Amino acid sequence: MTFSVPQERKLLTELPGPNSVALQERRLKSVSRGAGTLANIYMDHGSGAILVDVDGNQLIDLGCGIGVTTIGHANEDVAAAASAQASKLTHTLFTVTPYENYVRVAEKLAEITPGDFEKRSILVNSGAEAVENAVKIARKFTGRRAIVALDHAFHGRTNLTMAMTYRPWPERAGMGPFPGEIYSVPVSYPYRDGLSGEEAAAKTIDYIETHIGASEIAAFFVEPIQGDGGIVIPAPGYFTALSEYCTANGIVFVADEIQAGIARTGAWYSIEHHGVVPDLVTTAKGIAGGFPLAAVTGRAEIMDAVQPGGIGGTFGGNPVSTAAALAVFDLIERDNLLEAAQNVERMLWARIGDWAERFDFVGDVRGKGAMFGIEFVLPGTKTPNPEALTFVLKYATTHGVIVLDAGSWDSVMRIMPSVVISEELIDDAASVLEEAFAALAAQVD
Ligand SMILES: *Cc1c(COP(=O)(O)O)cnc(C)c1O
């Protein structure tokens, strides 16, 4: 892979620089405050794992716009595919007069999603829209109403998906009422509950039996690795037990792979690490190199339960977005990006794997592929330490490293670089974070 920007961090001004500061002043007068920003550093272009801001500073991107640019920024093959399509045909609406790109993406999704059975897909614009459609499809198929999601889940920001999202602040506060028949149930969180997968599943199932009743449930949504919830990776065996419970009780088991899917964790889909085959899978973020595209894919009999016209949308499966997705699929195969993600995992373990032993305010380091979390706690306890995260995030962003926050207590740092990131960049970014930890320790003393 070739990069149009050298893969190195380079700071020419303070961050944010003067051009970012000027844009921020304009933005405050034109953009809703509700669209809050992690770092007010305005970007101009990017390549690979580097973002270049409007002042010419080069930042290491460990966030990928929340796990979207998994294959790197402004990849030239994806850009070429999208631009060729943009000058050929930009829209017909698939449900009026169809086109091949949409069919090709659906064929590819059937191939790469887990499960050796007949599958169908629907393409939409956003992750939340995919989750909403999965709810509709599961309800239609089962004739049931209740929807179950896990504690610490994030499923989106529309009214229905907000109701399926765990924490009230800032996603939900003051914006109800929310739809009924949505239930949050306990998740397996090994660092916090210390339970085995079987024990945690028994607890989840007991909660369902005593609060909801299996026969009422249309679908059970899980993130195989919770993203916004704080890179929570349930204990081995947890999802096996839950999926068996769903099968035995006629519940549609849905893996929300919007954040962890498409190569990010070293597999096409992160549920593969748990050895479980879901009935439906939702895909979005990383699928099209930054173009808006999302999908629901799953068992043909479930997906085909919906009457023609029952699901769809004007822009869903747009010709340009699907062209970009096809280029992303090719790239992942051509450049062995599943393996690249596994390499990133090895490099991250080697560089940051001992941080919980080295730093007393780091409680846990966990991750899979290019998806890691660092949980901050008050030293000597497991009490969440959001102040430490705020401090480290601020230090990192003002020193040219973009990292993300996460977790129901705002105490988990999310590290989600492109899988094409180099070992040198990981090392440099980790050094900046170590400087941040030293500054934090000095401040506390
Ligand atoms: C981001 C995300 C969504 C919502 O996707 P949008 O494209 O922002 O609507 C849903 N589920 C998970 C797991 C996500 O990470």
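Keep in mind that what you see is a predicted model, and the values were worked out from it rather than measured. Start at 1 with the first residue, then count along the sequence. Indexing begins at 1, ligand by ligand and atom by atom, following the structure's order.
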For residues 228-238, run the donor-acceptor check on the side chains, cut-off 3.5 Å, and write out each pair with its distance to 0.1 Å, sequence neighbours left out.
residue, atom, partner, partner atom, Å
Asp228, OD1, Gln259, NE2, 2.9
Asp228, OD1, Arg414, NH1, 3.1
Tyr238, OH, Pro186, O, 3.1
Tyr238, OH, Thr204, OG1, 2.8

Contacts under 3.5 angstrom, residues 300-310 side chains, donor-acceptor by atom type, not counting sequence neighbours:
residue, atom, partner, partner atom, Å
Asp304, OD2, Arg120, NE, 3.0
Gln307, OE1, Lys140, NZ, 3.2

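Enumerated by chain and number, the residues approaching ligand 1 to less than 4.0 Å through a heavy atom are Ser126, Gly127, Ala128, Phe154, His155, Gly156, Glu223, Asp256, Ile258, Gln259, Lys285.
Screening residues 93-135 for ring pair (Phe, Tyr, Trp, His ring centres under 6.0 Å), with sequence neighbours left out, gives Phe94-Tyr99, Phe94-Tyr102.
The side-chain contact (heavy atoms from CB on, under 4.5 Å) test with Leu393 is passed by exactly one of Asp410, Val403, Val401: Val403.
Look at Lys368 and Glu345 and you find a salt bridge, because one of the NZ, NE, NH1 or NH2 atoms lies within 4.0 Å of a carboxylate O, short of that distance.
Side-chain N/O atoms of Thr265 and Ser270 include no donor and acceptor closer than 3.5 Å.
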